[in-house]
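Just so it is clear, the model here is predicted, and its values are computed rather than measured.
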Amino acid sequence: MPWLDPSQRGGLPEWHALAKTLNVLGTEMSRAGLRLGYHNHDFEFPLIDGVVPYEVLVSETDPALVTFEM
């Protein structure tokens with residue numbers, strides 16, 4: 001996943017929802033013999049209510065299903 005449109009970003013609820021979606025997509029891709037990769041940008045790192053959105057993604061996704069590319 002190379003990009004997250006600004007309309008899909010937002011507060012922490014959107015980031016938690018994205019983590020769930022990545023797990024679902026990762027599961028589907030795994031069934032096809034593929035792995036889902038997420039490519040980060042600067043917008044995942046500014047604090048939202050004291051939380052780094054990137055940390056939400058890393059902590060709430062299954063590493064067997066979602067790979068993070070720096």
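- Under the side-chain hydrogen bond (donor to acceptor under 3.5 Å, both in side chains) criterion, Ser59 pairs with no residue at all, not counting sequence neighbours.
- With sequence neighbours left out, Phe43 forms a ring-ring contact (aromatic ring centres under 6.0 Å, His included) with Trp3, His41.
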Listing, residues 6-13 side-chain donor-acceptor contacts under 3.5 Å, not counting sequence neighbours, or none:
unit_1	atom_1	unit_2	atom_2	d
Ser7	OG	Asp5	OD2	2.6
Gln8	OE1	Asp5	N	3.2
Arg9	NE	Leu4	O	2.9
Arg9	NH2	Leu4	O	2.7

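- For Glu60, the side-chain hydrogen bond (donor to acceptor under 3.5 Å, both in side chains) partners at least two apart in sequence or on another chain are His16.
- Heavy-atom minimum distance, Pro46 versus Pro53: O-CD, 3.1 Å.
- Between Val66 and Asn23, the closest side-chain pair of non-hydrogen atoms falls below 4.5 Å.
- Judged as a salt bridge (charged side-chain N to carboxylate O under 4.0 Å, His left out), the pairs with a partner in residues 24-47 (not counting sequence neighbours) are, in order, Glu28-Arg31.
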Checklist entry - Step by step, would you call Val51 with Trp15 a side-chain contact (heavy atoms from CB on, under 4.5 Å)? => result CA-CA 10 Å; Val51 178; Trp15 291 101; over 6 Å; no
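- Taking all atoms of both residues into account, the shortest heavy-atom contact from Ala19 to Thr61 is O-CG2, 3.7 Å.
- Grouping the Ile, Leu, Val, Met, Phe, Trp and Tyr side chains by contacts below 4.5 angstrom, directly or via other members, places Val52 with Leu22.
- Of the inter-residue distances, the one linking Met1 atom CE with Asn40 atom CG reads 12.5 Å to the nearest 0.5 angstrom.
- A chain of hydrophobic side-chain contacts below 4.5 Å, direct or via other Ile, Leu, Val, Met, Phe, Trp or Tyr residues, connects Phe45 to Ile48.
- In this structure, OG1 on Thr21 lies 10.5 Å from CG on Leu36, to the nearest 0.5 angstrom.
- For Glu55, there are no salt bridge (Lys or Arg N to Asp or Glu O under 4.0 Å) partners, not counting sequence neighbours.
- Under the 4.5 Å side-chain criterion, counting only non-hydrogen atoms from C-beta, Tyr38 is in contact with Leu57.
- Atom-to-atom distance recorded for Leu25:CG and Lys20:NZ is 14.5 Å, nearest 0.5 angstrom.
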